[in-house]
Amino acid sequence: MTDVARSAKLTLDGKDYTLPVLTPSAGPEVLDIRKLYAEADVFTFDPGFTSTAACESAITFIDGDLGELLHRGYPIEQLAAESTHLELCYLLLYGELPNAAQLADFTARVTKHTMVHEQMHNFFRGFRRDAHPMATMVGVVGAMSAFYHDSLDINDPWQREVASIRMIAKLPTIAAMAYKYSVGQPFVYPKNSLSFAGNFLNMCFSVPAEDYVVNPVLEKAMDRIMMLHADHEQNASTSTVRLAGSSGANPFACIAAGIACLWGPAHGGANQACLEMLREIGTVDRIPEYIAKAKDKTSGFRLMGFGHRVYKNFDPRATVMKESADEVLGLLGIENNPTLQVAKELERIALQDDYFISKKLYPNVDFYSGIILDAMGFPTSMFTPIFAISRTVGWISQWKEMIAESNQKIGRPRQLYVGSPKRDYVNIRNR
Ligand code: ACO
């Protein structure tokens with residue numbers, strides 16, 4: 001990794017410090033500053049980690065300028081067109097595409113773990129009916145550590161594996177239960193005869209009183225949504241999972257931390273916020289008003305579903321998602337959906353606007369996902385939980401990669417202190 005022939009020189013107070021250059025397999029070179037504090041007694045300052053690589057990873061690569069997303073080297077467009085979510089899970093977790101026997105074995109292992117401990121049903125009932133499903137998921141996933149004691153030892157590779165399979169398998173069940181609880185319907189048990197995506201739709205939309213048949217178009221669209229959200233290298237929630245895991249916390253606690261971070265509107269919560277914004281705009285004639293508001297810094301308003309920290313050309317996931325939206329709405333016969341009309345027109349206008357062009361703001365994955373989920377019958381509050389169940393495999397793959405590292409350290413950033421210098425305590429009588 002280190003290219004000894006290349007290094008950077010930092011001069012501070014007349015003294016030179018050598019910073020080795022690390023060469024990645026793709027992407028920009030990386031200056032190694034690990035010894036800088038010990039040798040030069042200085043920290044580096046990078047709020048938001050805009051220029052800082054916090055780990056080595058071999059899972060996902062993004063080229064933000066080219067609009068390229070690769071999982072273990074494979075482009076997301078090819079995976080979305082030809083693979084399935086479970087096959088992608090295998091690829092992310094183990095590094096290679098499975099052969100038929102490996103995929104069948106992996107599918108069987110995940111499928112056999114989809115039920116949750118029966119006592120967890122009682123745990124759900126402690127939440128208020130109107131709780132946001134993300135709030136319920138943070139609590140219930142964290143509580144899994146109280147139910148699955150035999151997969152908490154992070155130093156045992158077998159237990160790490162079991163915890164991983166359990167989370168990939170049970171998160172859809174938990175999200176569906178959170179949804180059912182919020183609408184006052186009975187929980188639906190998983191059905192092993194269905195596909196991963198089909199089972200999730202069945203757990204959300206079937207009721208004991210009548211038969212429910214999973215629509216294959218929606219099943220495929222759901223599987224694709226899961227794939228498009230499966231991993232995205234060191235984003236905020238994944239970094240949260242890694243940071244939580246770096247202390248040796250159990251895997252269920254780490255994933256609960258990731259879910260909590262994902263909920264924010266600048267991250268996974270954007271899909272809910274985006275559809276709500278499109279509905280608020282309502283008709284295409286109101287778009288200029290919202291474009292003007294987004295450009296006005298004093299409004300505090302941003303076009304949700306636009307912009308990305310890494311993509312500065314286009315988000316390849318959004319391109320696939322847009323095609324999927326057209327396909328799903330066409331097949332459901334609702335291509336004149338007013339929200340889709342607003343979305344398309346908003347995208348068209350924004351992409352011609354100097355403000356958005358100069359700041360390289362393009363629609364991200366969340367811009368179109370909500371339209372598909374809405375057409376499927378999900379309330380907006382379920383959009384981010386669906387993101388969470390899809391991203392679970394990414395969080396776990398990154399967590400496992402970190403734990404397996406021989407030189408893994410607790411994550412502990414430093415700070416630029418701007419508070420008061422040392423001073424003496426003043427007794428309350430003298431203040
Ligand atoms: N609407 C209007 N202006 C925007 C938007 C937007 N959606 N996004 C960024 N900008 C502007 C900022 O005001 C800033 O302007 P300035 O340079 O004049 O101050 C500039 O573009 C850069 O924005 P930053 O916030 O510095 O960029 P950052 O990389 O930190 O943020 C983020 C990226 C959080 C995604 C941002 O674009 C945003 O808030 N978008 C809306 C929320 C959203 O869709 N999030 C989903 C992200 S994808 C995902 O998590 C799956």
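Positions are given from 1 along the sequence. Note that these values count all heavy atoms, side chains included, but never hydrogens, waters or copies made by symmetry. Just follow the structure's listing: the first ligand is 1, and inside any ligand the first atom is 1.
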Engineer: Is there side-chain contact between Phe200 and Leu171, with heavy atoms separated by less than 4.5 Å?
Structural biologist: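 Not touching, per the 4.5 Å side-chain cut-off.
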Engineer: Run through ligand 1 for me and note each protein residue having a heavy atom under 4.0 Å from it, chain first, then residue number.
Structural biologist: Pro265, Ala266, His267, Ala270, Ala294, Lys297, Arg302, Leu303, Met304, Gly305, Phe306, Gly307, His308, Arg309, Tyr355, Lys359, Leu361, Asn364, Val365, Asp366, Phe387
Engineer: Would you tell me whether Gln341 and Glu345 have side-chain atoms, one donor and one acceptor, within less than 3.5 Å of each other?
Structural biologist: no
Engineer: Let me confirm one number: the OG1-NZ distance from Thr111 to Lys191, rounded to the nearest 0.5 Å.
Structural biologist: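 The NZ atom of Lys191 is 14.5 Å from OG1 of Thr111, to the nearest 0.5 Å.
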Engineer: Distance alone, cut at 3.5 Å: any donor-acceptor contact between the side chains of Thr384 and Asn271?
Structural biologist: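 Judged by distance alone, the side chains do pair up.
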Engineer: With under 30° as parallel and over 60° as perpendicular, where do the rings of Phe43 and Tyr37 fit, or are they tilted in between?
Structural biologist: tilted
Engineer: Quick one: which residue pairs count as a ring-ring contact (aromatic ring centres under 6.0 Å, His included) with a foot in residues 217-237, not counting sequence neighbours?
Structural biologist: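 Those involving residues 217-237 are His229-Phe387, His232-His308, His232-Tyr311.
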